[in-house]
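Heads up: the structure comes next, in structure tokens.
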Amino acid sequence: MTRPKTKILVDGGDPQETLRAKELLGFVDGQTTNPSLIAKNPHIKELIASGHKLSGREEMDEYKKIVRTISPLVGDAGVSIEVFSDEKTSAQEMFTQGQEMYSWIPNAYIKYPCTAEGLRAAQISVKQGIRVNMTLCFSQQQAAAVYAATRGTREPAYVSPFVGRLDDSGQNGMDVVKNIKQMFSKGDGHVLVLAASIRSLEHLLYCFALQTELATVPSKILELWASKNLPMPDEHFQYKASGKPIPYEELDLGQTWESFDIQHDLTRKGIEKFAADYRATLARPA
Ligand code: E4P
């Protein structure tokens, strides 16, 4: 098989899925997790079903066990671990969690949301040599802010545009990926595009065609790709978008992150959902 240039990450919270994907593809470059996926991990679900809700500390310990099992299964794209946050969580609180999570495994990337506090936490993190993956990205402006906030990082930072959730809102989510790639082609290469919220084989094939550096893919889409013998897009490949096009914006990557318009309703909703799924596993919701 010709391995795609795009690194393939498993989007999930169950190490068994990572193993299965590795068996099917022969490799897995990395993994992304998030609070909703961790709440769906079979062991966590069993605990909750048996009436055992977790303390905040227990939740962190379970999360650590999960990523420690996944860590040796994947390649150099690492394992992304997401901080627990809501609209009130400060940059310092996110960073404190991020620091602890970063110590769990040697190949960690810490996920912070594309919000002002998340960008501040990323800025502190990269100065301390902590690798970051900026999540819940829905716009080119947010990606430009990630670029500015992580300038000077020793290792590449990831930005994760969420394709499927933009599609769900009636827009062409892949346009954001395409626009960010175009914008970064004029940059210094310190931010890599990790296409996320992938819902279909067409999304994945278009990521290959656009040569996104990474894509995180649910195991059922990887299974579908494998069942079709791992097709790659040829030069005639055309992505069939159904949503409203998202136009390219001319942005100056030399500006500070504060100068970009980072507000996005889907980022706010995404944080609310992650926080709700996290709280549902807790005995005494924070
Ligand atoms: C990965 O980093 C994201 O958390 C994930 O792709 C979100 O996918 P969803 O929109 O299907 O929840």
Side-chain angles (χ1 to χ4, degrees), residues 6-15 17-18 21 28-41 44 63 66-67 70-71 74 77-86 94 97-98 101 107-115 118 122 131-139 142-143 146 156-174 176-177 180 191-204 206-207 212-225 243 264-278 280:
T6 299
K7 289 190 176 165
I8 304 283
L9 291 75
V10 176
D11 196 14
D14 176 6
E17 284 180 359
T18 318
V28 160
D29 293 307
Q31 174 104 14
T32 56
T33 64
N34 68 39
S36 304
L37 294 168
I38 293 305
K40 280 191 214 141
N41 167 277
I44 304 249
Y63 201 173
I66 294 167
V67 297
I70 294 170
S71 166
V74 305
V79 181
S80 291
I81 312 172
E82 185 156 343
V83 297
F84 298 113
S85 69
D86 62 19
M94 288 189 210
Q97 285 186 57
M101 290 166 158
N107 51 352
Y109 279 74
I110 300 304
K111 283 173 95 178
Y112 298 114
C114 281
T115 58
R131 288 178 290 263
V132 299
N133 172 358
M134 300 307 290
T135 192
L136 290 166
C137 172
F138 294 96
S139 73
Q142 287 176 323
V146 168
Y158 297 164
V159 65
S160 294
F162 273 38
V163 176
R165 296 192 196 186
L166 279 163
D167 283 7
D168 294 344
S169 74
Q171 293 175 278
N172 176 8
M174 284 304 296
V176 171
V177 176
I180 297 171
V191 185
L192 305 182
V193 177
L194 196 178
S197 188
I198 296 292
R199 304 268 169 77
S200 67
L201 197 51
E202 287 65 37
H203 282 157
L204 182 61
Y206 194 28
C207 287
T212 66
E213 288 82 9
L214 314 108
T216 187
V217 190
S219 62
K220 71 168 194 263
I221 305 293
L222 290 176
E223 280 164 27
L224 181 65
W225 185 44
H264 203 289
D265 209 35
L266 291 176
T267 303
R268 186 187 54 74
K269 284 187 183 144
I271 291 173
E272 276 172 13
K273 174 80 172 104
F274 284 153
D277 287 344
Y278 165 60

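Just follow the structure's listing: the first ligand is 1, and inside any ligand the first atom is 1. Heavy atoms only: backbone and side chains are in, while hydrogens, waters and symmetry mates are out.
The ligand atoms of ligand 1 that sit less than 4.0 angstrom from a heavy atom of T32 are 1 (C), 2 (O).
Looking at heavy atoms from C-beta onward, C207 lies in side-chain contact with I198 at the 4.5 angstrom threshold. By the 4.5 Å heavy-atom criterion applied to side chains, S139 and V176 are not counted as neighbours. Between V217 and W225 there is no side-chain heavy-atom pair separated by less than 4.5 Å. With a 4.5 Å cut-off on side-chain heavy atoms, M101 and V67 do not count as touching.
Remark: the backbone N or O of T212 is paired with a side-chain donor or acceptor of T6 at under 3.5 angstrom. Distance alone, capped at 3.5 Å, places no donor-acceptor pair between the T135 side chain and the V159 backbone.
At least one N or O atom of D11, backbone or side chain, sits closer than 3.5 Å to an N or O atom of ligand 1. Considering backbone and side-chain atoms alike, S197 places an N or O below 3.5 Å from some N or O of ligand 1.
Contacts between S160 and ligand 1 below 4.0 angstrom, taking non-hydrogen atoms only, are absent altogether.
Here the heavy atom of the protein found nearest to atom 7 (C) of ligand 1 is F162 CE2, 3.6 Å. Scanning the protein for heavy atoms near atom 4 (O) of ligand 1, the closest one is N34 ND2, 2.7 Å.
When R199, K111, R165 are ranked by how near their heavy atoms come to atom 2 (O) of ligand 1, first place goes to K111.
Put simply, no part of E82 is less than 4.0 Å from ligand 1, judged by heavy atoms.
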